[in-house]
Amino acid sequence: YEVLKAVVRTKGLFSVEMLSREMEDRSEFVVSRSTLFNTLELLTDAQLVIKHSVSRTAMYENNASQTPMACLVCQKCGKIEKWDDKDTNTLLASIHVRHFNVRQQILYLHGTCRKCANKSKNKKKK
């Protein structure tokens, strides 16, 4: 229950390390990384948490709203960021696949974030 409380308090995407640090900083119930991983898997199975495993580190998110979403994934640094675009979210919500029960509409767009693109540009200039 302590892990679930910490997840609910956390806004946006988080990793196991971030959740562990947040729980330690609050001087709350301290749990091992394996307990966090196992609990997050249980919460994912119960559809209370979304697991984004498209980069080097799995990122998690509270699944309270279950609304369609788009995520931007940087292929250089692995950063995952939610992209809030009304038109894209409306399009995702309207998708219905015949003979398939869609539980969650999530679109992943892979590319390079601004920070990594600027680093690449600066290297080319040198």
Side-chain angles (χ1 to χ4, degrees):
Y1 290 111
E2 294 301 321
V3 175
L4 180 58
K5 284 182 200 176
V7 166
V8 170
R9 275 194 313 266
T10 305
K11 303 294 180 213
L13 299 169
F14 61 90
S15 66
V16 170
E17 290 78 19
M18 293 165 65
L19 187 63
S20 177
R21 250 184 280 122
E22 194 264 325
M23 288 179 77
E24 285 176 15
D25 290 347
R26 287 178 166 263
S27 299
E28 291 180 351
F29 201 79
V30 178
V31 295
S32 68
R33 286 174 43 94
S34 62
T35 299
L36 285 177
F37 276 111
N38 291 336
T39 304
L40 287 170
E41 286 301 316
L42 290 172
L43 295 174
T44 301
D45 290 345
Q47 298 178 13
L48 297 172
V49 169
I50 298 170
K51 180 180 181 181
H52 302 279
S53 53
V54 292
S55 66
R56 287 174 241 140
T57 303
M59 299 296 283
Y60 298 88
E61 177 179 20
N62 185 351
N63 191 26
S65 65
Q66 291 193 353
T67 59
M69 73 177 86
C71 296
L72 305 174
V73 181
C74 180
Q75 292 178 301
K76 296 229 182 216
C77 67
K79 179 181 175 184
I80 302 173
E81 175 179 317
K82 282 176 95 171
W83 180 43
D84 288 325
D85 179 69
K86 186 179 178 185
D87 294 335
T88 304
N89 292 343
T90 302
L91 175 68
L92 288 172
S94 69
I95 294 174
H96 297 285
V97 181
R98 201 171 178 193
H99 306 296
F100 190 79
N101 183 19
V102 177
R103 288 188 307 158
Q104 181 82 35
Q105 298 94 343
I106 303 174
L107 173 66
Y108 293 101
L109 301 169
H110 294 262
T112 308
C113 70
R114 181 176 291 158
K115 188 176 179 181
C116 290
N118 287 339
K119 282 182 186 177
S120 293
K121 248 189 244 181
N122 292 337
K123 281 184 180 179
K124 287 179 183 178
K125 285 182 182 179
K126 291 180 181 181

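One-based numbering along the sequence shown.
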For residues 77-104, pull every pair meeting ring pair (Phe, Tyr, Trp, His ring centres under 6.0 Å), keeping only residues two or more places apart or in separate chains.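 As it turns out, there is no ring pair (Phe, Tyr, Trp, His ring centres under 6.0 Å) pair with a partner in residues 77-104 once direct neighbours are skipped.
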What are the two closest heavy atoms between [X] and [Y], and how far apart are they?
X   : Y    : result
S15 : M59  : CB-SD, 3.9 Å
K76 : S120 : NZ-OG, 3.7 Å
V8  : N62  : CA-ND2, 3.6 Å

How long is the straight-line distance from [atom2] of [Y] back to [atom1] of [X], given to the nearest 0.5 Å?
X   : Y   : atom1 : atom2 : answer
L40 : L4  : CG    : CG    : 10.0 Å
I50 : E61 : CD1   : CD    : 5.0 Å
K5  : M23 : NZ    : CE    : 9.5 Å

With a 4.0 Å cut-off on N to O distance, would you call R21 and E24 a salt bridge?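 Answer for the salt bridge query: no.
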Sequence neighbours excluded, the answer for ring-ring contact (aromatic ring centres under 6.0 Å, His included) partners of Y108 is H52
Checking S20 side chain against V16 main chain: does a donor-acceptor pair fall under 3.5 Å? no
Could you please spell out the steps behind the side-chain contact (heavy atoms from CB on, under 4.5 Å) verdict for M18 and T10? CA-CA 10 Å; M18 293 165 65; T10 305; over 6 Å; no
Side-chain atoms of residues 110-119: list all donor-acceptor pairs with protein atoms under 3.5 Å, sequence neighbours left out, distances to 0.1 Å.
unit_1	atom_1	unit_2	atom_2	d
N118	ND2	R114	O	3.4

Could I get the full list of side-chain contact (heavy atoms from CB on, under 4.5 Å) partners for L107, not counting sequence neighbours?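 side-chain contact (heavy atoms from CB on, under 4.5 Å) list for L107, sorted by chain: A70, T88, L92, L109.
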Are the side chains of R26 and E22 in contact, using a 4.5 Å heavy-atom criterion? yes
The complete set of side chain to side chain donor-acceptor pair (under 3.5 Å) pairs with one or both residues in residues 33-42, sequence neighbours excluded, reads E17-R33, S32-S34, S32-T35, E41-K51
Membership question, hydrophobic clusters at under 4.5 Å side-chain separation (ILVMFWY): are F37 and F14 in the same one? yes
